[in-house]
Student: 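Below is the structure I would like to discuss, written out as structure tokens.
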Amino acid sequence: MNKTFFGVIGSIALSASLVAAGLPQDASAATSWKMNSGAQIQWDKISKNVKNPSFIRGNLSSVKVNNENEVKKFITENKDIFQIKNEEHLKLIDQTKDDLGITHYVFQPTIQGVPISNSQYMVHVDKDGTVLATNGELHADAPEKVEQSKKLSSKEAIQSAWSQIDVDQKDVKETIKTKKGSIDVLAEKSDLVVYHENGTYTLAYHVQLQFANPEPGNWQVWVNAANGKVLKAVNQVHEATGTGTGVLGDTKTINTTLSDNQYQLIDSTKPMNGSIYTMDNENGTQANLPGKIVTDADNNFNSERHKAAVDAHYYAGEVFDYYYETFDRVSYDNQGADIISSVHFGNDYNNAAWVGNQMIYGDGDGQTFAPLSGSLDVIAHELTHAVTSTEADLVYQSQPGALNESFSDVFGYFLDTEDWLLGEDVYTPGVEGDALRSLSDPTKYNQPDHMSEYQDLPVTREGDWGGVHINSGIPNKAAYHTINDLGVEKSQQVYYRALTEYLTPNSNFADAKQALMQSATDLYGSSAAKTIETAWGKVGL
Ligand code: L5Q
Ligand code: ZN
Ligand code: CA
């Protein structure tokens, strides 16, 4: 090979530094396997001594190259360029023909049959059998043998990898035990490979540790097979910003995670360790929770099935941000807990709920409800149940239960202050202007707005647990009066303080009035407390 054509170009060199190969002068001979002249060769320097033809372009072959064997022959016959010493060096791992009729042969470089990690060499051939390009990492200079003193077992390599990463193996495994479903499945893989760095080839295990908790991990670790030393460790999970289409057809920006070539509805951008996971329950029941993490190949979540997931994901983030920015609260437990939502719960299910450790959203039947995650105030309502259960822990029956419901509705309002309605965005999609509940006029939706109309219902499912979704109209109306007088900013601080500092599991309406008055006094003085007193007086308390 004429040395002048060996313009060694660093790996960051751009095409401007391509050099003409100007190769063998017998290139016109139709029977020759020799590469034609005029080829553009990009040489990369992968170490001091190793040069790699990282890209070659042109009409490279004069003989027809129509199958794997002929492609291999083309490479081995052009020794001056490819420098392959051993026919066995390249193993075909993929062969696809594209719409233009170009066939792409993908080879894995190997040493003694063991793949060299992170390497591929490709040969691209047009429909007439002319090689148009070759590119990749060839590793022609790699030794024919790699030191085979393999001392470690695959299992030992996995242990070595765990010791290297900053996640405790125990934390990951505990999560698996407590929850079913695919997000918490831990994958541990280990494959024998050749690890390459700066011209040095080492027999190694490529260990992959993949898990969702305590934080998303897709660790790629290379462990020296002879001595267990970690050669390299990287977490291949990447935060991304995707787009999505919501239940109402609107597009929005969402935080996603790229792992294994798939974008997932995992938002790990929030403070502390917790992430927001959005799952597809695949129309299953409680037994199928949480379901599968929602994924997309191109990070634009715009399919019909994605809509409910996009809104559940986006609005959970909005509610997280609200609690964090307004009250310095980190997730529902104030400890940065993961927030898990499962959409497509059940069939035509006309409800949404906090079920103790996650949220579920039905698709609605299309008449009574559209998919319920399409309404920010519904999501705020559900996540506030989670806040309530870690704070006041109001018992879900009778007056404490109605207060539990009311606080969820009131925070639903604080996140969506455009109207006094709850669930208007998803309730009766065919009817304009109605909703599930109204804070300004609870009676519109069959709720009392005064103690004189309090409904003493049985504490059964049929009795709505003593009317928790019914009598909540009374504290809801008091909240409406309060917010009108005191304004949103102060009211939300007063409500949050009452919920987190004063209310207890059996607090009744009278206690709530006192708790709110005390919170108002603490924060803003007696005139604010007087406002609360007046507001509750108007509803008969
Ligand atoms: C309710 C949660 C929401 N569900 N109201 C029965 O009456 C019953 C359930 C509800 F997200 F759908 F609003 O508030
Ligand atoms: Zn509720
Ligand atoms: Ca609303």
Side-chain angles (χ1 to χ4, degrees), residues 246-248 308 311-312 315-316 318-319 322 332 341-343 345-346 348-356 358-389 391-429 431-442 444-448 455 457-473 475-476 479-480 483 488 492 499:
V247 170
L248 303 180
D311 277 346
Y315 291 141
E318 294 259 295
V319 177
Y322 167 81
Y332 60 85
S341 311
S342 297
V343 297
F345 181 89
D348 296 343
Y349 183 55
N350 281 318
N351 212 347
W354 169 255
V355 296
Q358 69 157 97
M359 288 173 287
I360 59 169
Y361 296 98
D363 292 329
D365 60 11
Q367 292 282 120
T368 311
F369 273 110
L372 280 91
S373 57
S375 209
L376 171 59
D377 50 18
V378 167
I379 283 161
H381 175 106
E382 299 311 339
L383 262 176
T384 300
H385 279 312
V387 174
T388 298
S389 85
E391 297 291 348
D393 202 15
L394 290 157
V395 171
Y396 205 62
Q397 64 175 62
S398 307
Q399 287 199 19
L403 284 173
N404 193 325
E405 271 303 310
S406 175
F407 272 78
S408 274
D409 284 352
V410 170
F411 281 94
Y413 169 81
F414 288 141
L415 271 119
D416 174 34
T417 53
E418 276 181 22
D419 52 71
W420 296 101
L421 304 172
L422 187 93
E424 69 284 351
D425 291 339
V426 289
Y427 189 66
T428 59
V431 184
E432 260 306 296
D434 63 348
L436 194 58
R437 286 184 284 277
S438 164
L439 299 196
S440 58
D441 187 4
K444 247 186 169 159
Y445 303 105
N446 300 315
Q447 287 189 300
Q455 291 187 38
L457 292 163
V459 182
T460 59
R461 180 175 290 279
E462 299 71 46
D464 187 33
W465 309 110
V468 297
H469 295 98
I470 299 185
N471 294 314
S472 58
N476 276 358
Y480 165 77
I483 297 163
V488 168
Q492 64 192 0
L499 186 63

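Order of listing sets the numbers, starting from 1, for every ligand and every atom in it.
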Student: Is the side chain of Asn404 donor-acceptor paired with the backbone N or O of Tyr396 at a distance under 3.5 Å, no angle test?
Tutor: no

Student: Tell me which N, O or S atom of Glu405 sits nearest to the Zn ion (ligand 2).
Tutor: OE2

Student: Within this structure, what is the OH-OH distance for the pair Tyr427 and Tyr445, rounded to the nearest 0.5 Å?
Tutor: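 These two atoms lie 7.5 Å from each other.
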
Student: Report the distance from atom CD of Glu318 to atom CG of Asp416, rounding to the nearest 0.5 Å.
Tutor: 10.5 Å

Student: What do you get for the angle at the Zn ion (ligand 2) between NE2 on His381 and NE2 on His385, to the nearest 10 degrees?
Tutor: 100°

Student: Using atom types as modelled and distance alone, determine if a side-chain donor or acceptor of Asn350 lies under 3.5 Å from a backbone N or O of Asp365.
Tutor: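 A pair under 3.5 Å: yes.
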
Student: Can you check whether His381's main-chain N or O pairs, donor with acceptor, with Ser408's side chain at less than 3.5 Å?
Tutor: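 Here the side-chain-to-backbone pair exists.
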
Student: Closer than 3.5 angstrom, by distance alone: can the side chain of Thr388 be matched with the main-chain N or O of Thr384 as a donor-acceptor pair?
Tutor: yes

Student: Give a yes or no on whether the backbone of Asp311 and the side-chain of Ser373 come within a donor-acceptor separation of less than 3.5 Å.
Tutor: no

Student: Return a table of N or O atom pairs, ligand 1 on one side and protein on the other, at distances under 3.5 Å, rounded to 0.1 Å.
Tutor:
unit_1   : atom_1 : unit_2 : atom_2 : d
ligand 1 : 4 (N)  : Asn351 : OD1    : 2.7
ligand 1 : 5 (N)  : Arg437 : NH1    : 3.1
ligand 1 : 14 (O) : Arg437 : NH1    : 3.2
ligand 1 : 14 (O) : Arg437 : NH2    : 2.7

Student: If you measure from OH on Tyr413 to CG on Asn476, what distance do you get to the nearest 0.5 Å?
Tutor: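 Those atoms lie 12.5 Å apart.
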
Student: What protein N/O/S atoms are there under 3.0 Å from the Ca ion (ligand 3), waters excluded?
Tutor: Asp377 OD2, Asp416 OD2, Asp419 OD1, Leu421 O, Glu424 OE1, Glu424 OE2

Student: So among Gln455, Gln397, His469, which one has a side chain to side chain donor-acceptor pair (under 3.5 Å) with Asp464?
Tutor: His469

Student: Verify, without hydrogens or angle tests, whether Ser375 (side chain) and Leu372 (backbone) share a donor-acceptor contact under 3.5 angstrom.
Tutor: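 Pair absent, no side-chain N/O of Ser375 close to backbone of Leu372.
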
